[in-house]
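Contents: one structure, followed by commentary.
Sequence lines set the chain letters: A, B, ... in the order given, protein chains first and strands last, and positions in each chain run from 1.
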Protein chains: 2
Amino acid sequence: MKYKATSFDIAYKAGVSQSTVSRALRNSPLVNEETRHKIHAIAKELNYKVDKNASNLRSQHTGTLALLLFEDPTMDDSLINPFFLSMLGSITRAAAKKGYDLLISFQQLSDDWHADYEDASKADGIILLGYGDYLDYEEKLEKLYEQGTHFVRYGSVAENQPGVSFGCDNYQGGYMATQHLIKLGRKDFIFLGGASDNSPEFRARYQGYCQALKEAGLRIRDNAQLDAISTEESGYQAAQQAFEQKIKFDAVICASDLIAIGGIRAIKAHGLTIPTDVSIVGFDDIPIAHFANPPLTTIQQNTRLAGEMLVDALINLIHNLEVKASLTPATLIVRESCGSEQT
Amino acid sequence: MKYKATSFDIAYKAGVSQSTVSRALRNSPLVNEETRHKIHAIAKELNYKVDKNASNLRSQHTGTLALLLFEDPTMDDSLINPFFLSMLGSITRAAAKKGYDLLISFQQLSDDWHADYEDASKADGIILLGYGDYLDYEEKLEKLYEQGTHFVRYGSVAENQPGVSFGCDNYQGGYMATQHLIKLGRKDFIFLGGASDNSPEFRARYQGYCQALKEAGLRIRDNAQLDAISTEESGYQAAQQAFEQKIKFDAVICASDLIAIGGIRAIKAHGLTIPTDVSIVGFDDIPIAHFANPPLTTIQQNTRLAGEMLVDALINLIHNLEVKASLTPATLIVRESCGSEQT
DNA sequence: CTGAAAGCGCTTACAG
DNA sequence: CTGAAAGCGCTTACAG
């Protein structure tokens, strides 16, 4: 490893004090224009980079944001939800744009909270992205909140949640998806996905779904909501159940794309054709949706916007500015899994 | 923010010196069993965490690995190759397992190398994952190498490359894919993907392909290798070109799954059926491959293993141990895009 | 086994 | 506008 230049080396070469070098490099207005230029030139020549550890230690902040991805331990390692990967990408970009480093950490929901705290001490703030059971998750949020840690999270947005939350307008998304199928003349709906306190995002989608049905004067059958978590297999099982219970349907609204992909498999397995016999719509717009067979109509979450909002909000929080929860719009992406108008 | 305990607080409570606390916390054998227990207990009670900046500054290492993802600036932001996302996941896990933090940074290939250096100063070593033109990329590697930076990269593995490289056995993968279609009775092959110095990974796959054809006594047509980069659109265009040039084919080997997905679209658009009329195989085994229509036969890269190898190798490099380039095995995943035996 | 002390490379009052 | 000096919270010889 090459010798690493320090601010003293620069000071010596420039014939000024180390304090002045430090100020010049941070572009303090306190330093003479000319000296500053000279110092910058020497720094460049020497390949000088400020030592982050030293500057962070001294100024008591890290310039780093931590991204915690909570995983449900029941999930298969290899099949991390593509939606979260997409969020990860947009958060990384957003953080970089603001000059923050991003520390990434995958955790099991079951890990004890000391691990979170550990991460908290390495970063100025935390971004939480979780899946799995919300009720387990909430405990962690409360711990973090008590600790006075700066954090934002992406997921369901509701009253009485610890900390600041951002999320997609799930209710509106569920509503739009359902309305779209209603317009297409569909009458018998089922909903694939959990709708309990354990998955508040899914529940909001379900509520939007119910609202659309209600407004159209269509019945909401009690047995037509089948639980599923966000995996292909679980979606398959849920649809399978609908068949076993002999629930008649020509329209299926899914709480996620992965669920929809599984649903499609089950529907095809029963010899039905999509969208002729049944229309189906997903949620998220993960890349796979586009390549499903048939291509899946879905509700798109704006991950790019979400990433920026999360990062901006967290930085504001760190600077003790006020930040409030907000929703990102949901967009209907029409593809071929719904068919076109019919009567 | 709550008051943050320091090693002095613990020392005071335990009635020992701060040096002893530091040693106890690092589990130095120099400290009395009993005192160590007491110190650990107090640390836990006080929610004490070692200040990373201070310890890193003092001991002159960071405990952090940087992951640089180079992107070809021509790529669409939103469509980061799912394969890299998968690598990212496995590297994150592998780093965490070894107790290293992972700093993530997306960069354009066009960024000047100072940016890399910047990252180098924040981490003990760098993992490089790049796509886009290899020739541009190589320059960066050389710069990094000259600087004496510890780094490993994933991609093509060959002689005369600066630094240590890991990668999938692309040659073998291309060979296996081709051989599979040969066994199925296919005769007229085309290859979709670049095969020049600009994309050495693709070239290795192409060479494996050529070898398999040669061994089977099948002809390798000069015009049957169509350039494509790893996007759906580019794959579509390449297949399109094959049709325009009236190249007859019943088997297509693709340099990546994304290319294959685009190829499938073009083939279907020409009214041909897969796999009846033509067999197609991809490379990577990204999640989409499974859901393609028909499900895509492909060559799987073991990203989990690759992530572990990269992290282990980099850590060894940091400790000045010897490390050498190696290949990860390629695995044929048979799905429906090839059909079954026929004559 | 333990303590006193130096020092990692910065930032930032303080004094001019 | 500039410099001398303190100090961020650790680790690690050095001396016992």
Side-chain angles (χ1 to χ4, degrees), chain A residues 1-40 42-43 46-64 99 101 117-118 120-124, chain B residues 1-40 42-43 46-64 99 101 117-118 120-124:
Chain A
M1 206 63 135
K2 252 181 21 191
Y3 173 74
K4 206 164 142 258
T6 73
S7 51
F8 281 94
D9 298 324
I10 298 177
Y12 178 79
K13 272 208 144 185
V16 297
S17 75
Q18 182 268 338
S19 326
T20 301
V21 171
S22 175
R23 278 192 278 258
L25 260 16
R26 324 195 72 245
N27 291 312
S28 157
L30 289 176
V31 37
N32 182 293
E33 177 84 5
E34 205 176 320
T35 2
R36 196 178 66 220
H37 277 312
K38 186 158 83 182
I39 290 171
H40 274 280
I42 297 175
L46 258 40
N47 248 171
Y48 174 80
K49 291 290 166 192
V50 176
D51 183 302
K52 285 282 179 182
N53 287 317
S55 73
N56 289 342
L57 173 58
R58 181 55 237 240
S59 50
Q60 295 293 294
H61 71 259
T62 66
T64 300
D101 288 326
Y117 191 79
E118 171 98 35
S121 78
K122 285 184 236 160
D124 295 336
Chain B
M1 210 58 139
K2 253 182 21 193
Y3 172 74
K4 209 166 140 257
T6 73
S7 51
F8 282 94
D9 298 323
I10 298 177
Y12 178 78
K13 273 208 142 186
V16 296
S17 75
Q18 182 268 339
S19 325
T20 302
V21 171
S22 176
R23 279 191 277 256
L25 260 15
R26 322 197 74 245
N27 291 313
S28 158
L30 289 177
V31 36
N32 181 293
E33 177 84 4
E34 204 176 320
T35 358
R36 197 178 67 218
H37 277 313
K38 186 157 84 180
I39 289 172
H40 274 280
I42 297 176
L46 258 41
N47 249 168
Y48 173 80
K49 292 289 167 192
V50 176
D51 183 301
K52 285 282 180 182
N53 287 318
S55 72
N56 289 343
L57 172 59
R58 182 53 237 239
S59 50
Q60 296 293 296
H61 72 257
T62 66
T64 300
D101 287 327
Y117 191 79
E118 171 97 34
S121 77
K122 284 184 237 161
D124 295 337

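- When both pairing distances are held under 3.5 Å, D:dG16 makes a Watson-Crick or G-U pair with C:dC1.
- Of all heavy-atom pairs between A:S22 and A:R26, the closest is O-CG, 2.8 Å.
- Checked options B:V21, B:I42, B:L46; the residue passing with B:D9 is B:L46 (criterion: side chain to side chain contact (heavy atoms under 4.5 Å, CB included)).
- On the nucleic acid side, DNA chain C has its first and last nucleotide under 4.0 Å of a heavy atom of chain B at C:dC1 to C:dG9, going 5' to 3'.
- Looking at heavy-atom distances under 4.0 Å, B:S55 makes contact with sugar-phosphate atoms alone, never a base.
- In this structure, A:S7 reaches the sugar-phosphate backbone alone: every heavy-atom distance under 4.0 Å involves primed, P, OP1 or OP2 atoms, never a base.
- The shortest heavy-atom contact between B:T6 and B:Y48 is C-CE1, 3.5 Å.
- Of all the heavy atoms in B:Q18 and B:S7, the pair that sits closest is NE2-OG, 3.1 Å.
- Comparing B:S19 and B:P29 along DNA chain C, the residue whose closest nucleotide (by nearest heavy atom) sits nearer the 5' end is B:P29.
- Within 4.0 Å of A:R23, counting heavy atoms only, lies at least one base atom of the nucleic acid.
- On the P atoms, D:dC14 is 23 Å away from D:dC10, given to the nearest whole Å.
- Each of A:L30 and B:R26 has a nearest nucleotide on DNA chain D; the 5'-most of these lies closest to A:L30.
- Along DNA chain C, the nucleotide closest to B:L57 and the one closest to B:N32 are compared, and the more 5′ of them pairs with B:N32.
- At a threshold of 4.5 Å between non-hydrogen side-chain atoms, the residues A:K38 and A:E34 do not count as touching.
- Under the 3.5 Å distance criterion, with hydrogens and angles disregarded, a donor-acceptor pair is assigned to the side chains of A:H40 and A:N27.
- Of the C1' atoms belonging to D:dT12 and D:dG16, the separation is 16 Å, rounded to the nearest Å.
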